[in-house]
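Chain letters run A, B, ... following the sequence lines, proteins first, then strands; residues in each count from 1. Note that the structure is predicted; figures quoted are calculated from it, not measured.
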Amino acid sequence: MPAKTILDYLKKHGGRPQEQIKSVKEKEEHREKQASREKIVSSRRKPEWKIKIWDLRGNILVIAEKPKAASKIAYALSSRFMRNRWKGIPYYTIRSNGANIIIASAAGHLYGLYTDKRGYPIFQYEWKPLYIIDQTAKHTKKFIELLEKLSRNADYYVNACDYDIEGSVIGYLIIKFMGDPDRAYRVKYSSLTPAELKQAFRELTGLDYEMIEAGLCRHELDWIWGINISRALMDAVRKTSGKRTILSAGRVQTPTLKHVVDHEIERNLFIPLPLFIPDVTIIKNGEKIHLEYISGSLETRRKAEEIIKSIKKDGYLTVTEYTEKTICLNPPPAFNLGDLQEEAARIYGFSPYKTQKIAEKLYLDALISYPRTNSQKLPPTLNYRGIMEKLAGIDRYGSLIDRLLRETRGILQPVQGKKDDPAHPAIYPTGLKPGKLSSDEWKIYDLIVRRFLAAFAEKASLIQQQARFMTREGYEFRVSGQRIGKLGWLYYYYFSKPKEKSIPVFIKGEHVPIKTARLRRTYTRPPERLTKIKILRWMERVEIGTEATRARIIELLFRRGYLEAKGGKVNATDLGLGIIEVLTKYFPQITSVEMTRYFEAKMEAIRYGRAEREEVVEEARQTIVKLLQEFDRVKDKIGYLLSIRLGYISPHRKCLVCSREEYRLGLCYYHYMALEKIREAYNEWNRREETTFEKFISSIKKLRSTGKWITEIVGNDEVLAKL
DNA sequence: GCAAGGTC
C-alpha cells in the first residue's frame, strides 16, 4: 500500500491498517483504541470524562511546550525512559506493555498567522509555520520536522503544553497540521513536579476546544486590528511623502505609548506653583535638628508668615510626644519576573529587557527555574534543603547558607507572596554550580539566590523614633529617626537595608529652644520622569501584555522611533505624539487598555459556550472596516501630519516656536496648550503670593521644573506678546 | 512589513 494511502487511512480511522493487525492481542488492543476514540468524541460534550495514558495502546505522541517540560514529563512518567536526539533536538520514549509513549516538544508557537496579500482592509490570513514567516524563528524548523516525523506513526496525541490558552493553541495547531485532533487528548497540570505530572497523566480529557477557540480568536483579533491599522498608517505616510517607513499599532503597544505620551504632555505643560514651608531648627544636646511642619507645606505666603511670627514670639517649642516603636519587616517573597526586573533596575540600572534576557540565559543553563512567571510562591514540593546544600558548594554562598540553616534550625519554610501564576512557581536557583558567568549575569544570579534565601530567613525589625512639638498657638512640628533592631533577612538580601538616622531622646513637656525659624519657599513638583521599569510596572498594573512580552514591547516602541531615552529616562518623540493624536481620533479603541478587557470578556464567553469565534471576529471586522473608511476620508491630512513628525516634509505653516504644523494663533497644538496653561497658572500663582504678571513669567522662566513647552513659550518674546 | 504570543 502506498504511503499516502496508509496516511489517509490512519487519519480517517486511527491506528494501523486492518490487514496489519495479526495477533489476537493486537486485535483486542485495536478494539480498545476504537472504544477510547468514541470516548474522545463524547468527551466534547462531557468534559468530566477522563482516561489514563496507561490505558492507551500503540504509539502515543506527547507534545510539550518546551524541551525542559518534555524532560520533566519523561522523568515523571517512568524511571526507564530512553533519551533520543534528532538533529540535536531531544525526545524521549517509554515502552510499557503494548504502548510506546514518545515525548517530544515544541518551542513555543511553531505556527503564526500569515497573509500574502498586500494592502488594507485585509481579513484573509492563515496559519503557517513560523520559520517560513519569520527569519528570526528559524530554530522552529527542526522542532516542526521532528514532530512531523514522530506524528506519522502516532496512534494518539496528547497535548501536554502549559495549561493555559496559548498552550492549548500551540498543541492544537501541531496536532491539527501533523496529526489528527480526533485522536488527541489534553493533559492538565499546574506545575512540573513529578507527583502532579503523574496524576495529571492519569486524567487525560479530550481536546479543550473551548480554550482552543478562545485562543485562536485572540490571535485573529490581534492580527486584524494590528495589521490593518499599521498598514493604514504606513500607507498614509507613503502617499504623502513617498517614503516607506515602518509604523505600527496594537492592542498592547498603543495603550503603552499613550501612557507615556500622556505623561509627557503633563510634564511638558507643568507650571510649578509656590509653596511655603516654616523652616525650624532647634538645639538639643548641642546638636542642631531640623524640624518638619506637620502638614508639610502651605499654599499661601500669608499663612506661613503668621506661623513663623508665632514661633519667634515664643522662642521655644514644647515636646508633646516622644515615641519609639518597633516595626516588623517581613521577608520579601521569592521573585516573579516583574519584581526581579524592578530590583535589577533599582540596584544596577538594568533595563527590564536586559534583565529578562539574562534570566532566560540562566534558565537555559539550568541555574534557575523558569523566569517568565508572575508567581511569588515557592512550591511546597520543592526540595529546599537539597537546593541549599548545593548552593553551599558555591564559594560566595557557603557561609551564608551555614548561617541560614543555623538561624532557622533547619526548618525551611519560605514566605509566600500574593501573586500567583497558573503554570509556574516563583523564580528560584536550582543549586547547579554556575560555570563562567559575565559580571552582569552574576548580578542577576546573585539577586535571585539572595532573594530565595531571604524568603526563609527571620523577620527583621526597625526601631522608629518620633518626636512631636507644638507652639503656644498650636502649630505642630515633628522629627523622626530610625535604626535597624534585628537584621534578620536583611543580612541575606541587603539591597533592602533601610537608611539609619537617629534622633536624641525627648521628654514630654520639655521646652526646646529655637535656633532658627525662617520661611522657605519651594514649588510643587512635576510628575516624575518615566523609566522603562516604571512603564513595565504600569503595564502589569493595568494587566496588558504578558511576562514574556512586556519588556519586548517597550523596546519595540523605541525601535519604531515613538520613544527615546536620555540617561535612563524615557520621553515620547514628536512621532510618538503624532501617532497618538491620529489613533485617538480615528481608532480610539486601540489606544485604550479597555480593548484588552474586551478581548478577555469575549474569550471568556467563547470558553463558556456563550459566543463563537467566527461571530466575534466578524464583529471586529465590521468595526475595523468602518473605521478604515473614516480614516481613508482624511488620509491626506493624516499623512501630512505624520510626515512632518517624521521630518519628511515641512509644514505649510510652521509653529512660531517649533517645527510642528500650526494649530492656532501661529502655534502648534502643544504650544497653544502651553499658552492657555500659562494664563490659568497666573491666577493661582497670584492667589498664593501677590505678584505681577511680569514677575510670574520671569520666575517660571528660571525654574528648572517648568515644563519644556512652557519654557519655550515664555522664552519667546514674540509669542509672549500674545498673552 | 505590520500584532501579540510562545520559547531557542
Think [X] has a side-chain N or O under 4.0 angstrom from the OP1 or OP2 of [N]?
X	N	result
A:R251	B:dG5	yes
A:R552	B:dA4	no
A:S248	B:dA3	yes
A:Y114	B:dC2	no

- Task: Ignoring the backbone of A:D222, work out which of B:dA3, B:dT7, B:dG1 is nearest its side chain.
- Result: B:dA3
Looking at every strand, decide which applies to [X] at a 4.0 Å heavy-atom threshold: base, sugar-phosphate, or nothing.
X	value
A:L364	sugar-phosphate
A:L216	nothing
A:I165	nothing
A:Q253	sugar-phosphate
A:T546	sugar-phosphate
A:Y370	sugar-phosphate
A:G545	sugar-phosphate
A:I246	sugar-phosphate
A:R560	sugar-phosphate

- Message: Under a plain distance cut-off of 3.5 Å, with no hydrogens placed, do A:D440 and A:S438 share a side-chain donor-acceptor pair?
- Response: no
- Query: Can the positive tip of A:K354 be found less than 6.0 Å from the middle of the six-membered ring of A:F350, inside 45° of the ring normal?
  - Reply: yes
- Between A:W127 and A:Y114, does the ring centre distance come in under 6.0 Å? no
- Task: To the nearest Å, give me how far apart CG (A:L110) and P (B:dG6) are.
- Result: 14 Å
